[in-house]
Amino acid sequence: MDTENAENLRSRGVLTGVLIACLLLALPVAVWLDLTHLADAALRRQASDLNSVIKSVRHYYAANVVGRILAHPGQVQVIHDYETVPGAIPIPATLSLELGKVIGEQQSNISYRFVSDYPFANRAPHQLDGFERDALAALRKDASENIVSATAGLFSDSVRLVSPVTMAPACVACHNTHPESPKTDWKVGEVRGIQEVTITQPIAANLFSFKFLLAYFALAAVCGVSFVAMQRRQADKIVAMNKELETNNDFLASLSMKISRYIPPQIYKSIFSGQKDVTIHTERKKLTIFFSDIQNFTATTERLQPELITQLLNEYFTEMSEIAHRYGGTIDKFIGDAMLIFFGDPETKGDRADAQACVRMAWAMQRRLAELNSKWRAAGIEQPFRARMGINSGYCNVGNFGSADRMDYTIIGAEANLAARLQSIAEPGGIVISYETYALVSDIIAARTLPSITMKGISREVVPYVIDHLRDGDEQSEVVIEKMPGLDFYLDTAAVTPADSDKIRTVLLHALSSLERREVKAAE
C-alpha cells in the first residue's frame, strides 16, 4: 500500500510538472496573440488616421487653393508637371502623391499610394495588385466604407487601408477638359481611383511596450520552475521516507509479532491500541481464575528424554493456549507444567458469562488432552499427560506488577491461590470448582460436592464441586475418561457414529465378560 501511495504521489508530481510546463509554454503564445490583436487594432487606427489626414489636406488644397486659382485665372497655373513651369502649383492628385512620398521617406514602416486605372496619357500606367483591383471595384459600387486588409506574421503585422478618391467639381472640370485625360465624362462623386495607406510594425516594437509585464511573466516562470523542482525534490524525499517507513513498519510488525508471543493477545491488543499504558497500575476486579497442572510430571520427565518432553509439553501448551484464546481467556503464565488463566480482564462479558466460558474452556481442554493422549500412546508413549484443573471466582488485584524497567501483567490474591488449591485436590482428568463458581455455572453443568476444605488467607470453608459433565450447548455430550492400573479408557459419545455404536458395545461386553471370568477364577 505504501509503494502504491508513493507511485501515485510521483505520478501526481509528474502530472503537475507537465501541466505547469504546458502553461509556461502557452504563455508566449498567449502574449503573441494579444500583441497581434493589439497591433492590428493600432495599425488600423493609424492607417485610418493617416488616410483621413491626407484626404483632408487634399480636399482642403483642392477647394481653397486650386479652386480659388481656377476661379480667378492669372499667371499661376495648376498643372501636374508644375516643376517645369515657373510659378505653377501641383494639382491635388500630384500633391497627394508627393505628400505620400514624403511621408514614406520619413516613416520607413509607412507607404502611401495614390493610384487609378485612368492615369493621364503622359504617365506610366499604375500597377494594381489583386487586392487593389478588388477594392477599387467594390468602392465604385459603394464608396461609403473604406476597405481594410490586415496581415499577421510571425515577426510583424501590417494593415492596408484603401479609401476612394472621388471627383470633386474642380476635378471634374479639369479632367473632362484636359487633353491628356483618358476619360472626359467624369461626374461629381465618381470614384476615380484609390488612396492606399500601408503600415507595417514589427512584433518586437510592441513586445518592448510590455517589458514590465514580460518581466513579471519571466519571474512567474522562474518561480513556477522552482516550484516544480521543489515539488519534485519533496516527492523524492517523501518516496524515500515512505520506503524507510515501510522498512521500519515491517521491522516493527515483525518485532511486535515476536513480542506478542510473550504476552496475552488481549494485553497485546490493549497496549498497541493505546487502551492501556505500560505503567505500574493495578485494579481490583472480580475474576474467574483457572489453574491446571499435569499429574506426576516430574516422574514423567524421568522416564522420557528431554527432547521428547520438550516436544510433548510444547504441543500440550499450544493446544491448550488455542482453546484458551477461543473462549476468551487471558493466559497469565506457564509455571513449569502448570497454566494460570483468568477471565474478566482486560475484557469481560459479565461475571456469569466469564465463569461459564472458563468452565467450557476447561472441559474442552480435558477432551483435547484425552485426544492427544490417544495420539501419543499410538506413537509409543506409555504414560502421556493427565491434567488436574481447578476454577475459582472472586476478587483479585490485576494489572502491572514489578518495576519501571520490568513488569508483569498478572493477578494477586487469595482467590487465585484457592484455584491452585482446588486443582491440587482434583483427580487426574478432573475439574474442581469452588461454590462461588458453581453458583455462576450451575445451569450448564452436572456436578457433585466434595468434603469442605479450609485454606490459609480465606476465613470461610470452601465447598469444592467436581464437574461430571456439561449439559448445554455443544458440550452436553459426555466424555468418559478413566485411567488406573490395567485400565486406560476414553469415550467421547459425541464422536461416535451410529455405525460404530454396535462395535463399541461388543468391545465393552467382551471386556466385561473377561473381567467376570477373571473374578470367577479368583474365587475358585
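The residues of the chain are indexed from 1 along the displayed sequence.
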Show your reasoning for whether side chain to side chain contact (heavy atoms under 4.5 Å, CB included) applies to I341 and M361. CA-CA 10 Å; I341 302 172; M361 177 197 72; 4.1 Å; yes

Whether the side chain of [X] engages the backbone of [Y] through a donor-acceptor N/O pair (distance < 3.5 Å, no angle test) should be reported.
X    : Y    : result
S181 : H175 : yes
Q356 : A353 : no
D345 : L287 : no
D408 : T410 : no
R133 : L128 : yes

Is the shortest side-chain heavy-atom distance between [X] and [Y] below 4.5 Å?
X    : Y    : result
L136 : D134 : no
L161 : S48  : yes
V359 : Y327 : no
L340 : I289 : yes
N397 : E283 : no
R352 : D443 : yes
T330 : E347 : no
L372 : E319 : yes

Work out which heavy atom in [X] is nearest to a heavy atom in [Y]; give both atom names and the distance.
X    : Y    : value
V172 : M167 : CG2-CB, 3.7 Å
W376 : E315 : NE1-OE1, 3.2 Å
F343 : G328 : CE2-C, 3.7 Å
A143 : P164 : O-CG, 3.7 Å
C396 : A416 : SG-N, 3.9 Å
I194 : V165 : C-CG2, 3.6 Å

Steps toward salt bridge (Lys or Arg N to Asp or Glu O under 4.0 Å) verdict (R113, E132): CA-CA 10 Å; R113 275 167 61 84; E132 292 170 334; 2.9 Å; yes

Atom [atom1] in [X], atom [atom2] in [Y]: separation rounded to 0.5 Å?
X    : Y    : atom1 : atom2 : result
C358 : W363 : SG    : CH2   : 14.0 Å
T318 : I323 : OG1   : CD1   : 11.0 Å
T166 : K187 : OG1   : NZ    : 15.0 Å
T151 : F131 : OG1   : CZ    : 9.0 Å
L440 : K286 : CG    : NZ    : 5.5 Å
S116 : Q195 : OG    : CD    : 13.0 Å

Residues, nucleotides or ligands: over 12 heavy atoms within 6.0 Å of K183 NZ: yes

Would you indicate whether K333, at its atom NZ, is surrounded by more than 12 heavy atoms from other residues, nucleotides or ligands within a distance under 6.0 Å? yes

Is [X] salt-bridged to [Y], going by a charged N under 4.0 Å from an acidic O?
X    : Y    : result
R368 : E371 : yes
D117 : R140 : yes
D354 : K285 : no
K237 : E244 : no

Quick check: F342 with F290 (ring centres under 6.0 Å apart)? no

What is the ring orientation for Y118 with W186, classed by angle as parallel under 30°, tilted 30 to 60°, or perpendicular over 60°? perpendicular

Side chains of S163 and N146: do they bring a donor and an acceptor to under 3.5 Å? no

Residues S393 and T437: side-chain donor-acceptor under 3.5 angstrom: yes

Evaluate N314 against L312 for side chain to side chain contact (heavy atoms under 4.5 Å, CB included), listing each step before the verdict. CA-CA 6 Å; N314 286 338; L312 294 180; over 6 Å; no

Would V398 and T282 count as a side chain to side chain contact (heavy atoms under 4.5 Å, CB included) if you check the C-alpha gap in whole Å, the side-chain angles of each, and the deciding distance to 0.1 Å? CA-CA 5 Å; V398 58; T282 62; over 6 Å; no

Before you tell me yes or no, could you show the steps for I331 and H325 under side chain to side chain contact (heavy atoms under 4.5 Å, CB included), namely the whole-Å CA-CA distance, both residues' side-chain angles and the distance that decides it to 0.1 Å? CA-CA 8 Å; I331 300 176; H325 295 161; 3.5 Å; yes

